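Proteins get letters first, then strands, A, B, ... in listed order; numbering begins at 1 in each. Small disclaimer: the values here were computed from a predicted structure and weren't measured.
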There are 2 protein chains.
Amino acid sequence: MLHVAEAARVSVATVSALLNGTATVSPELTQRIEQAIRDIGYKRNAIARSLKMGTTRTIGLTVPHITNPFFTDVVSVIQQAFDRAGYAVMLCCTDEDLNTQDEQIRLLLDRMVDGLIVARVGDGGILKGIVEDANVPVVLLDRLCEGVDTDAVVLDNRRAVFDAVTYLIHLGHRRIGYITGTSDISPMHDRMIGYREALQAAGLPVAEELVRSGNFHEVDGYNATMQLLSLHDRPSAIFSANNPMVIGTMKAIRDIGLSCPEDISVACFDDFPWSDVFVPQLTTVAQPVQAIGEQAANLLLDRLAGNRDAPPRRLVLKGRLMIRNSCRPLGAIAQSVSA
Amino acid sequence: MLHVAEAARVSVATVSALLNGTATVSPELTQRIEQAIRDIGYKRNAIARSLKMGTTRTIGLTVPHITNPFFTDVVSVIQQAFDRAGYAVMLCCTDEDLNTQDEQIRLLLDRMVDGLIVARVGDGGILKGIVEDANVPVVLLDRLCEGVDTDAVVLDNRRAVFDAVTYLIHLGHRRIGYITGTSDISPMHDRMIGYREALQAAGLPVAEELVRSGNFHEVDGYNATMQLLSLHDRPSAIFSANNPMVIGTMKAIRDIGLSCPEDISVACFDDFPWSDVFVPQLTTVAQPVQAIGEQAANLLLDRLAGNRDAPPRRLVLKGRLMIRNSCRPLGAIAQSVSA
DNA sequence: TGACAGATTCGAAACGTTTAGATTAGCGTT
DNA sequence: AACGCTAATCTAAACGTTTCGAATCTGTCA
């Protein structure tokens, strides 16, 4: 900017005024300055600007795994929304590890991000302190956090799983395997409640051996399914907690020599584009990813626009059961259906 | 830092020296300073640091679509690599649009990223000028760019498609539909050559009506497949350019009432975790995503480490044909196989 | 004619660091 | 006692902006 100012024979203050439109500058100087900018190929240094202004127009976004299609989609939506608003997005993957998450958040905070969207991992960590300091607004995505009172967008997980399990029960299933993620995050907790309530509502027992948990990876789903399938009285249906884990479930079913839905019915959380192009077409609980991403972005953008001291807002969205053909009717129902 | 210095009764220079280890500071002052840092909860402002140092320890990464699993995986690997090196990653999606890409790159450059990894889109744009200015190192990912001479990591696309099509020919297929992306980017160009060469090597004609192109989206794959399937003499096999497009292909096959591989064989570019868990298990060309991401990161990290004027390096990696059961043998071969 | 208002433009401080070079203190030598 | 050397610390300038308040200029009006 100094060079531009010299070349145009004006002060840097005038260049700045023109660039920001903060004061009127005469046509003549405007012309000279614009010419100088073109000649020099000047680009404003956003770092210096950030330092002075105290805002970077950059936000931080952390997710456990970007390769999980649910997060991929949400990240994509969020990125677009902030892009439209002129913000840059720094993306971090925490790999479901609390220490990693804390490091990443520190990294982002060091770089003075204006706000944070966090699909958190583990419990606690530095997140709580950050929200309490209230220097940078934080929006929780997908997962609430005990004792952290801030804006959040989540699914009605309890209800979503309740509906899915109830659907399986209506098909005649009595022993329904349930594969969950690590229990320390809110969605897994709520979904488990939905599972139990659905069984109870139908007067069915909750058999603890039918509940398995894993750390969200394909291999965890595989192992959990193997365990379920080698039970003496194995389940006739399995509900799996997310996309990577259901892939493990399908592989386990294949490897053990069974097939879906003939021998075992499968449903899972999270829908994806190819859910219905292969055989079996998977019955899933679709999350409104577009809405989730947009709402999270909007909550943060609203804070960034200055609405700092409104009370924390919590948005709860509804999932949608996508019934396809990976679950088959059992017993009497099967007969009436096939009749 | 000023407050810390005051609280510890030292100068800011000493605090800085301690923090950066650029000079020895006495045990006594060290202790006072550390105490003050704890008391105040001081965090160094990376923006001010960046301004002074001229480096942000942040890189920019642009991809056409993060929801394409290929890019998702590569982004994930790259993000991890830079995270390990203490860099932050700003992610942008260009949506296969040159103007968007130019805007995003400008946004990143404004923010003084130290380097750029670009899976480019369209042709030209501001990319060329940036590489020539040589202020920030650029690594091209997946796609080369005419006239832009810089580090790059790409696949041997010609060879990969040559192998895949040759495989189909060996199965007895003679009319092989080919669905490509927009032809202005290098991989699509090279792959097309691979397709033609494979046909020619087998003495087969290249029928132009069997070649269709689309803009990488599911719907484009759907439309292209519909066109291929409604040809008078329809192909017995289809090779589809990427993951979203092959989903469209599978949907079109289903909607038209055919099935794969019985009526039509399908293969595609890019492998993904669930390629082999559903029916049919897709035959694909797997790209070494891990290696691609790591190499791209390494090239850039090397430049960032100061190796600025080494000549541009171009890494060409090999794809791998993953043979599954979405392609069936035809004619005489089919008989000998089933015999 | 002189004072005043409004429109432009400018000088300089500030944002929070890093760092070159100056200063100071401590200590062994001669 | 004077000197030089080393180690520790400090002063102040710089990075590239924004912005406050002051300065200048041009008319206008009493």
Taking atom [atom2] of [N] as reference, at what distance in whole Å does atom [atom1] of [X] sit?
X      : N      : atom1 : atom2 : answer
B/I33  : D/dA8  : CD1   : P     : 13 Å
A/L19  : D/dT17 : CG    : C1'   : 11 Å
A/L2   : D/dT17 : CG    : P     : 9 Å
B/D110 : D/dG16 : CG    : P     : 15 Å
A/M1   : D/dC15 : CE    : C1'   : 14 Å
A/R111 : C/dG16 : CZ    : P     : 19 Å
B/L18  : C/dT17 : CG    : C1'   : 15 Å
A/M112 : D/dT17 : CE    : P     : 20 Å

Please tell me whether A/T58 and B/R111 have a donor and an acceptor in their side chains that are separated by less than 3.5 angstrom.
yes
Contact under 4.0 Å: [X] side-chain N or O vs [N] OP1/OP2:
X     : N     : answer
B/S11 : D/dT9 : no
B/T24 : D/dA8 : yes
A/S26 : C/dT9 : yes

Take A/S16 and B/V10, find for each the nucleotide of DNA chain D with the closest heavy atom, and name the residue whose nucleotide sits nearer the 5' end.
B/V10
5' priority, DNA chain D, between B/V12 and B/A23 [closest heavy atom]
B/A23
Among D/dA8, D/dT18, C/dT19, the nucleotide that comes nearest once only the side chain of B/T22 is considered:
C/dT19
Measuring from the side chain of B/A13 (C-beta onward, heavy atoms only), which nucleotide among C/dT19, D/dT9, C/dC10 has the closest atom?
C/dT19
Quick check on contacts: within residues 38-58 of chain B, what sits under 4.0 Å from DNA chain D by heavy-atom distance?
B/L51, B/K52
Any ion pair linking A/R44 and B/D110 (charged N to carboxylate O, less than 4.0 Å)?
no
Pair B/E294 + B/R84: basic N to acidic O under 4.0 Å:
no
When you look at B/I78 and B/L141, which way does the side chain to side chain contact (heavy atoms under 4.5 Å, CB included) test go after all the steps?
CA-CA 11 Å; B/I78 290 176; B/L141 180 73; 4.2 Å; yes
Please indicate whether A/R314 has more than 12 foreign heavy atoms, meaning atoms of other residues, nucleotides or ligands, lying under 6.0 Å from its CZ.
no
Shortest non-hydrogen contact between A/T72 and A/T67, atoms and distance:
OG1-C, 4.0 Å
Check A/A88 against B/L107 and note the closest heavy-atom contact, atom names and distance.
CB-CD2, 3.8 Å
The bend of the helix from C/dT1-D/dA30 to C/dT30-D/dA1, taken between the axes of its five terminal pairs at each end and rounded to 10°, is 80°
Distance-only, no hydrogens or angles: does the [X] side chain make a donor-acceptor pair with backbone N or O of [Y] under 3.5 Å?
X      : Y      : value
B/R308 : B/R303 : yes
A/Q101 : A/V121 : yes
B/N68  : B/F70  : yes
B/Q287 : B/L155 : no

More 5' along DNA chain C: B/T14 or A/R9, using each one's nearest nucleotide?
A/R9
side-chain hydrogen bond (donor to acceptor under 3.5 Å, both in side chains) between B/Q35 and B/R32, worked out:
CA-CA 5 Å; B/Q35 184 62 48; B/R32 288 219 306 264; over 6 Å; no
Under-3.5 Å N/O pairs linking protein and nucleotides 23-28 of chain C:
none

